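Report on the following structure.
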Protein chains: 2
Amino acid sequence: MRGICTDRVRPRQRILDTARNLFRKYGIKGIGVEAIAEAADTNKMTLYRHFGSKDELIAECLREAANRACDIWKDLEAQHPDDALAQVRGWVRFGSACVLAEDRGCDLANAAVELPDGDHPAKRVIQEFKVAQRNRLAELCRRADLQNPDLVSDTLSLLLEGARVNRQSVGLDGPCAQFVAAAEAVIAASQRRTDTVAADAAR
Amino acid sequence: MRGICTDRVRPRQRILDTARNLFRKYGIKGIGVEAIAEAADTNKMTLYRHFGSKDELIAECLREAANRACDIWKDLEAQHPDDALAQVRGWVRFGSACVLAEDRGCDLANAAVELPDGDHPAKRVIQEFKVAQRNRLAELCRRADLQNPDLVSDTLSLLLEGARVNRQSVGLDGPCAQFVAAAEAVIAASQRRTDTVAADAAR
DNA sequence: CGCCAATGTTACCGACCGGTAACTATTCGG
DNA sequence: CCGAATAGTTACCGGTCGGTAACATTGGCG
């Protein structure tokens with residue numbers, strides 16, 4: 001018995017992966033620790049030995065999701081080395097892929113909505129992650145020689161955050177379908193200093 | 001005893017108002033029906049006689065919130081009669097006021113995040129509301145003679161949705177602080193056909 | 001007044017919640 | 001091969017959840 005091939009990973013990691021999926025599927029408050037443990041082919045005691053409480057499990061899940069999400073920046077640099085503008089455009093396309101692929105939005109943002117309690121251990125994780133992402137994108141926009149880089153990066157952040165949350169309300173046919181077009185227009189409008197780019201951006 | 005002056009409203013309305021506040025404060029899944037009934041100076045039975053279930057109470061709350069939110073359009077028309085562009089700008093300022101005033105974002109969008117279950121009676125309410133808002137704003141942008149009115153309205157929608165959800169993760173100092181600037185820039189960029197406005201929009 | 005509908009009260013249901021205790025079985029490194 | 005750490009099992013705790021039954025109380029209206 002037991003799962004077919006999941007046995008090579010230790011319970012701690014199985015629990016984290018399973019919890020992340022179930023939180024996405026049912027909402028953080030919509031799934032209990034026992035169900036998580038069972039779905040991870042283990043038991044409640046082991047879960048509580050690794051994470052002291054459900055709240056800590058939540059926080060650890062988000063920490064992992066945040067680390068995973070931070071890999072973008074390396075990927076972008078790898079795909080477009082020394083081309084900050086192409087990296088900004090890559091960020092947009094990556095964001096679009098997230099919107100299209102995931103029926104649920106950003107785990108961190110969703111958790112912030114689901115956990116209004118300001119003292120929750122997850123809140124610190126969420127805030128630090130979002131601030132870090134914001135700074136990274138702003139830096140990228142600066143290196144891409146865009147006008148008003150801080151305004152552009154915050155605009156792009158808001159567009160993506162809006163697209164990911166709006167998809168959960170309206171679906172794929174809603175405003176989120178315009179995310180790429182909106183983002184590209186913003187980028188184009190703030191790079192007017194170079195001369196030839198305005199034309200292809202209008203398309 | 002009893003509340004000081006709340007007795008003039010019938011229990012049904014008291015329950016709706018109280019539920020809306022408590023859902024905001026603790027999250028939909030974070031508060032129980034008994035607590036809602038007691039906070040509304042009534043009891044669980046009365047609640048269940050008016051709304052058949054917690055899920056129906058949630059849906060009814062959102063229906064009311066949606067109706068309340070629809071009053072904007074009349075207000076905008078009243079404040080800037082026959083000036084669609086001013087109404088678009090008014091929409092932006094109203095959105096900004098929401099972001100600044102409420103620590104929690106749009107009740108409907110939050111509910112969509114908190115209730116991943118696709119069969120929940122609230123889902124239909126949320127979707128219809130968001131679609132209606134989108135159409136209204138798009139129509140306004142069309143009447144304001146903006147270029148690409150559909151793209152502009154969706155961009156503005158995404159910006160506001162992003163600002164309201166991002167505020168819950170990062171707080172008021174995050175990207176949401178740039179909502180007005182971002183929105184104004186988008187509007188300005190899409191009204192280049194008239195000649196004099198570009199200057200004041202640059203500020 | 002007397003009737004009826006709306007409300008309030010109390011007690012209860014089964015299910016599940018997050019969390020713990022005590023004990024056993026497994027694994028793995030020295 | 002032994003000992004220690006890790007993992008699994010079972011049973012349990014008090015509390016809360018959404019939801020219901022039966023009955024008592026109120027209040028408005030003909």
Side-chain angles (χ1 to χ4, degrees), chain A residues 1-20 22-23 25-62 111 114-117 119-123, chain B residues 1-20 22-23 25-62 111 114-117 119-123:
Chain A
M1 54 187 72
R2 198 46 46 98
I4 303 212
C5 67
T6 31
D7 266 352
R8 303 295 282 272
V9 272
R10 300 288 240 177
R12 181 190 157 89
Q13 193 57 45
R14 279 183 346 233
I15 292 171
L16 277 176
D17 292 341
T18 308
R20 227 165 42 97
L22 294 182
F23 286 155
K25 196 171 201 168
Y26 300 102
I28 292 178
K29 299 213 180 131
I31 190 79
V33 284
E34 185 133 39
I36 295 174
E38 277 173 14
D41 264 326
T42 178
N43 53 80
K44 208 170 21 163
M45 268 317 298
T46 300
L47 187 153
Y48 272 99
R49 275 189 285 247
H50 280 289
F51 318 90
S53 67
K54 187 187 184 183
D55 288 339
E56 274 307 323
L57 171 61
I58 295 168
E60 194 60 33
C61 277
L62 296 184
E114 254 194 296
L115 307 170
D117 175 17
D119 293 340
H120 197 286
K123 276 302 180 70
Chain B
M1 52 187 74
R2 200 44 48 97
I4 304 210
C5 67
T6 31
D7 266 354
R8 302 295 282 271
V9 272
R10 299 290 240 180
R12 181 191 157 89
Q13 194 57 45
R14 280 185 342 236
I15 292 172
L16 277 175
D17 293 340
T18 309
R20 226 164 43 95
L22 295 182
F23 286 155
K25 196 171 200 168
Y26 300 103
I28 292 178
K29 300 217 180 129
I31 190 80
V33 284
E34 184 132 41
I36 295 175
E38 277 173 15
D41 264 328
T42 178
N43 53 78
K44 209 170 20 164
M45 268 318 298
T46 301
L47 188 152
Y48 273 99
R49 275 189 282 247
H50 281 289
F51 318 89
S53 66
K54 188 187 183 183
D55 288 340
E56 273 307 322
L57 171 62
I58 295 168
E60 194 58 34
C61 276
L62 295 184
E114 249 192 303
L115 308 170
D117 176 17
D119 293 340
H120 197 287
K123 276 302 179 71

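Letters go in sequence order (proteins before strands), and every chain restarts at 1. Values reported hereafter were calculated over all heavy atoms of this structure, with side chains retained and with hydrogens, waters and symmetry mates removed. Given the structure is predicted, the values throughout are model-derived calculations rather than measurements.
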A/Arg12/A/Leu47 under side-chain contact (heavy atoms from CB on, under 4.5 Å): CA gap, chis, key distance, verdict: CA-CA 7 Å; A/Arg12 181 190 157 89; A/Leu47 187 153; over 6 Å; no
CA sep, side-chain torsions, deciding dist, call: B/Leu16, B/Phe51, side-chain contact (heavy atoms from CB on, under 4.5 Å): CA-CA 10 Å; B/Leu16 277 175; B/Phe51 318 89; 3.8 Å; yes
Per A/Tyr48 side chain, nearest of listed nucleotides C/dG8, C/dT20, D/dG18: C/dT20
Length of the line joining A/Asn43:CG and D/dT10:P, which is rounded to integer Å: 10 Å
Side-chain donor/acceptor of B/Glu114 to backbone N/O of B/Ile28, under 3.5 Å: yes
Nearest-0.5 Å distance that lies between atom CD1 in B/Ile36 and atom CZ in B/Phe23: 4.0 Å
Between the protein and nucleotides 11-17 of chain C, list the N/O to N/O atom pairs that are separated by less than 3.5 angstrom.
none

Between P of D/dA5 and CZ of A/Arg49, the distance in whole Å: 13 Å
Nearest-nucleotide 5' precedence on DNA chain C, A/Lys29 against B/His50: B/His50
Donor-acceptor under 3.5 Å (A/Arg14 side chain, A/Ala40 main chain): yes
Rounded interatomic separation in angstrom, taking CG from A/Asp117 and C1' from C/dG18: 16 Å
N/O (side chain, A/Ser53) to phosphate O (OP1/OP2, C/dG18) under 4.0 Å: no
Whole-Å gap separating P (D/dC17) and CG (B/Leu22): 12 Å
Rounded distance (Å) that lies between atom C1' of C/dG18 and atom CG of A/Asp55: 10 Å
Rounded distance (Å) that lies between atom P of C/dG18 and atom CD1 of A/Ile28: 12 Å
Candidate pair B/Asn43 and B/Glu38, rule side-chain contact (heavy atoms from CB on, under 4.5 Å), full reasoning: CA-CA 6 Å; B/Asn43 53 78; B/Glu38 277 173 15; over 6 Å; no
Counterpart residues, side-chain contact (heavy atoms from CB on, under 4.5 Å), relative to B/Lys25 (two or more places apart): none
Whole-Å distance separating the CG atom of B/Leu47 from the P atom of D/dA21: 16 Å
Under 4.0 angstrom between B/Thr46 side-chain N/O and C/dT7 OP1 or OP2: no
Dump every N/O contact between nucleotides 28-30 of chain D and the protein below 3.5 Å, one line per pair.
none

Rounded distance (Å) that lies between atom P of D/dG8 and atom CD1 of A/Ile15: 8 Å
Nearest atoms (heavy-atom pairs only) where A/Cys61 meets A/Ala19: SG-CB, 3.6 Å
B/Lys123 side-chain N/O to B/Leu115 backbone N/O, donor-acceptor pair under 3.5 Å: yes
